[in-house]
Amino acid sequence: AMRYPIVFFLSLFIHTHLLVGSDIDSLNNQLFMLENQGKEIEAMETLISIGEEYHKSLDHREAFNHYDRALQIALKNGLKEKEVQLKAKMGYELFWQDNYQDALNYLFQAEDEKDILDIENQSQLFSRIAEVFTNLGDYTQAASYQFSALKLSESVNDSLGIAYGHWSLS
């Protein structure tokens with residue numbers, strides 16, 4: 001009875017990685033064209049999409065690098081909300097590389113300008129900061145940030161955020 005879940009997982013894993021690879025190829029082609037046409041903002045959005053694909057395939061270093069390239073475009077063009085979102089994403093990629101201090105640097109930079117984000121993204125940011133503190137063994141800080149995330153989720157009736165908040169605080 002145990003063989004089926006393993007076979008299912010393996011087929012899902014292979015399928016996901018083949019799909020992600022071809023998605024990245026087509027996005028890289030798109031990026032090349034946009035950059036050649038001087039379409040910076042569209043190129044930035046494509047870099048973010050490529051970063052998200054790398055994140056899904058667990059290549060957190062490549063995800064970080066693509067978010068960093070997108071961040072440079074956001075900074076150059078004064079796109080404050082994108083800048084804050086990208087710093088949060090970059091912090092999370094560093095978290096997945098067990099680089100907790102640098103992760104906190106980026107996440108705190110995003111937190112400094114959190115008001116530009118919608119409530120769901122603020123809540124997600126606090127949850128991510130809580131995850132870093134959990135891995136650093138600072139459970140007081142982790143609980144404090146997770147509680148803040150939970151309060152934000154409750155304020156907008158974000159049921160997924162509420163469920164995650166209760167789960168991680170339990």
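Counting begins at 1 with the first residue of the sequence.
Pairs of residues two or more places apart, or lying in two chains, that qualify as side chain to side chain donor-acceptor pair (under 3.5 Å) and include a residue from residues 132-143 are Tyr100-Asn135. Annotation: ring-ring contact (aromatic ring centres under 6.0 Å, His included) contacts involving residues 68-93, sequence neighbours excluded, comprise Tyr92-Phe95, Tyr92-Trp96.
With a 4.5 Å cut-off on side-chain heavy atoms, Asn121 and Val84 do not count as touching. Two residues are said to be in side-chain contact when any heavy atoms from C-beta on lie closer than 4.5 Å; Lys87 and Tyr67 fail this criterion. With contacts defined as side-chain heavy-atom distances shorter than 4.5 Å, the pair Glu83/Gln109 does not qualify. Between Leu27 and Leu31, the closest side-chain pair of non-hydrogen atoms is not below 4.5 Å. Side-chain atoms of Asn65 and Asp68, non-hydrogen and from C-beta on, never get closer than 4.5 Å to each other.
If you chain together hydrophobic residues whose side chains sit under 4.5 Å apart, Leu34 and Ile41 never meet in one group. Following chains of ILVMFWY side-chain contacts shorter than 4.5 Å, one can reach Leu136 starting from Phe108, so the two form part of one hydrophobic cluster. Taken together through direct or relayed side-chain contacts under 4.5 Å among Ile, Leu, Val, Met, Phe, Trp and Tyr, Ile24 and Phe32 form parts of separate hydrophobic clusters.
Residue Leu94 holds its CG atom at 11.5 Å from CD of Gln101, rounded to the nearest 0.5 Å. Between Gln122 atom CD and Ile116 atom CD1 the span is 10.5 Å, to the nearest 0.5 Å. Rounding to the nearest 0.5 Å gives a distance of 8.0 Å between NZ of Lys89 and NZ of Lys82. Expressed to the nearest 0.5 Å, how far CG of Leu125 lies from OG of Ser148 amounts to 10.5 Å. The line from CG of Asp102 to CG of Leu107 is 10.5 Å long, rounded to the nearest 0.5 Å. Put simply, CD on Glu62 and NE2 on His55 are 14.5 Å apart, with the number rounded to the nearest 0.5 Å.
Closest approach of Ser155 to Ile119, counting heavy atoms only: OG-CG2, 3.9 Å. Between Ala63 and Tyr54 the shortest heavy-atom distance is N-CB, 3.7 Å. Between Gly91 and Ala103, the shortest heavy-atom contact is O-CB, 3.2 Å. Between Ala149 and Ser123 the shortest heavy-atom distance is O-OG, 3.0 Å. In terms of heavy atoms, Ile48 sits closest to Ala70 at CG1-CB, 3.8 Å.
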Q. Would Glu53 and His66 satisfy side chain to side chain contact (heavy atoms under 4.5 Å, CB included), going step by step from the backbone distance to the final call?
A. CA-CA 10 Å; Glu53 292 301 319; His66 283 78; over 6 Å; no
(Q) Using salt bridge (charged side-chain N to carboxylate O under 4.0 Å, His left out), reason through Glu131 and Arg128 one step at a time and then give a plain yes or no. (A) CA-CA 5 Å; Glu131 284 182 74; Arg128 289 178 172 179; 5.3 Å; no
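Remark: Lys114 does not engage Glu111 in a salt bridge, criterion side-chain N to carboxylate O under 4.0 Å.
Taking the six-membered ring wherever Trp is involved, the centroid distance between the rings of Phe64 and Tyr106 falls below 6.0 Å.
Take Glu81 and apply the salt bridge (charged side-chain N to carboxylate O under 4.0 Å, His left out) test, not counting sequence neighbours, and it matches no residue.
In this structure, Thr46 contributes its side chain and Glu42 its backbone to a donor-acceptor pair below 3.5 Å.
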